[in-house]
Amino acid sequence: MRVPARIFATESLVEAIRKDQSVQQACNVAHLPGIVRASLVMPDVHEGYGFPIGGVAAFDLKEGIVSPGGVGYDINCGVRLICTHLTKEDLEPKLKQLVHQLQRDVPAGVGSEGAIFTLNDRDLDEVMVEGARWAVKRGFGQEEDLAFTEAGGALPGANPDAVSPRARERGAPQVGTLGSGNHFCEIQLVEEVFYPEAAEAFGLGLGQVTFMIHCGSRGLGYQVCDDFLDLMRLGAKKYGIDLPDPQLVSVPVNSPEGERYLGAMRAAANFAWANRQVIMALVEKAVARVFGGDRRTLGFRLVYDVAHNIAKVEEHLVEGKKRKVIVHRKGATRAFPAGHPETPAPYREMGQPVLIPGDMGRASYVLVGTEKAMAECWGSSAHGAGRMLSRTAARRAAGRRNLVKEMGEAGVVVAARSPKTLAEEMPEAYKDVSLVVEALEEAGLARAVAKLRPVGVVKG
DNA sequence: ATGTTC
């Protein structure tokens, strides 16, 4: 190992972490050329393709590498949180109607398409360069949303020409679709506030209704990852990179292959931001249809949108000196502290919102980034609850249970297209997200702002 | 996560 692997977790979580290969994977990452400081592991870590999910690793721009496995298959999988002025009392009589309206308006499921229209090549190029701004230009949401989206909803340096025809073909009909697996659109209530000043700045008050969207770059990002894993299998050999695990395929970040991957990854990331921007507009339409009024009267506003599968060139302080590195966050959320120029102006005194979705039965959390996260983890934090059961184990454990009925009795209205997906995503399949939040706070990597309780869920 | 194995 060139650097240590560093695990941030509490004792109860370490027990879960030891059950899979995630620690070994974090150690493998520490072997890669140009890794700076440490291979970092967040408390919600679990096993992934090569790199663990819940891992953060930064590499030198000259001697370092870039690796598709360090970003993940779902490029710019991320979370978008929307607040409203609606209250628990407003919601109660209309909850079922709203869930069904959302299910009608937001396409979900494997291979889902048709939210807007199948994009032609020119439009798709624009989506991949402009990201969320493309959607706003086409009438999906407002200019103001962009300021509350990480990176303004588009990374510069996207190269649509590096995205294969097959990836384009898969992405063209999928802008504005949720997908499947752990992706969702939830109706939530602000159940607890831990840090009132930050909650107020973010627009989150007790009993308020929020909407959370969790999804990524759909088939387009998947195909980009797959294409470059293939291409880099040759590249790793060509550049003589020693890999402790073949799944860590990497090339020098400054090689033609590295540049090309980054161009394609940024294009896919921008596609994902456009996707979440369109979905937000579909949610807005559904909410307005059920409650009447418009964005302004509903207080419908973007709190924040974060990526949790991405690689970014960032400037950080290393041994007292400013240095640019390429930070791979795979199942890890950016968590910049107060005062950082990339934090939206209205939040600057608090820090960047960190959105951590939990399972559909328990809770999701809003936290805020800290100086310690910046100093020790490249401004990063955890991204979710972390699986406890594999998809197969979860399906087996669910057996013939009627999860829609069970969730309903527990106060959560669920509309899922696939019972199989629902079984894989049942609450028991996940660790308690509260334990992850507790570990983050104890480690000082984020500060809890508010707890959100799901009351309506739309899934693929 | 993924037109869930071109």
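Please read these numbers as outputs of a predicted model, since none were measured by experiment. Reminder, nothing fancy here: chain letters follow the sequence lines and each chain counts from 1.
- A:K285 pairs by the side-chain hydrogen bond (donor to acceptor under 3.5 Å, both in side chains) definition with nothing, not counting sequence neighbours.
- The separation between A:Y73 atom OH and B:dT2 atom P is 13 Å, rounded to whole Å.
- Closest-nucleotide positions on DNA chain B for A:R391 and A:E424 were compared, and the one nearer the 5' end corresponds to A:R391.
- Geometric assessment of A:R133 against the ring of A:W273 yields a negative cation-pi assignment under the 6.0 Å and 45° thresholds.
- In this entry the distance linking CG of A:D227 with P of B:dT2 reads 16 Å, nearest Å.
- Listed by chain and residue number, A:D227 satisfy the side-chain hydrogen bond (donor to acceptor under 3.5 Å, both in side chains) test with A:S164 (two or more places apart in sequence, or in another chain).
- One can place CD of A:E169 at 15 Å from C1' of B:dT2, the figure rounded to the nearest angstrom.
- Relative to the six-membered ring of A:Y430, A:R387 meets both conditions, a distance below 6.0 Å and an angle of at most 45° to the axis.
- A straight line from CG of A:D74 to P of B:dT4 spans 15 Å, rounded to a whole angstrom.
- If you measure from atom CZ of A:F228 to atom C1' of B:dT2, you get 18 Å, rounded to the nearest angstrom.
- Contact annotation for A:R387: no contact, since no heavy-atom pair falls under 4.0 Å across all strands.
- Backbone-only contact: A:Q174 has heavy atoms under 4.0 Å from sugar-phosphate atoms and none from a base.
- Here B:dT4 presents its C1' atom at 17 Å from CZ of A:R417, a figure rounded to the nearest Å.
- Rounded to an integer number of Å, the gap from A:F271 CZ to B:dT2 P is 11 Å.
- Residue contacts shown for A:E47 are absent, as no nucleic acid heavy atom lies under 4.0 Å away.
- The separation between A:N76 atom CG and B:dT2 atom C1' is 16 Å, rounded to whole Å.
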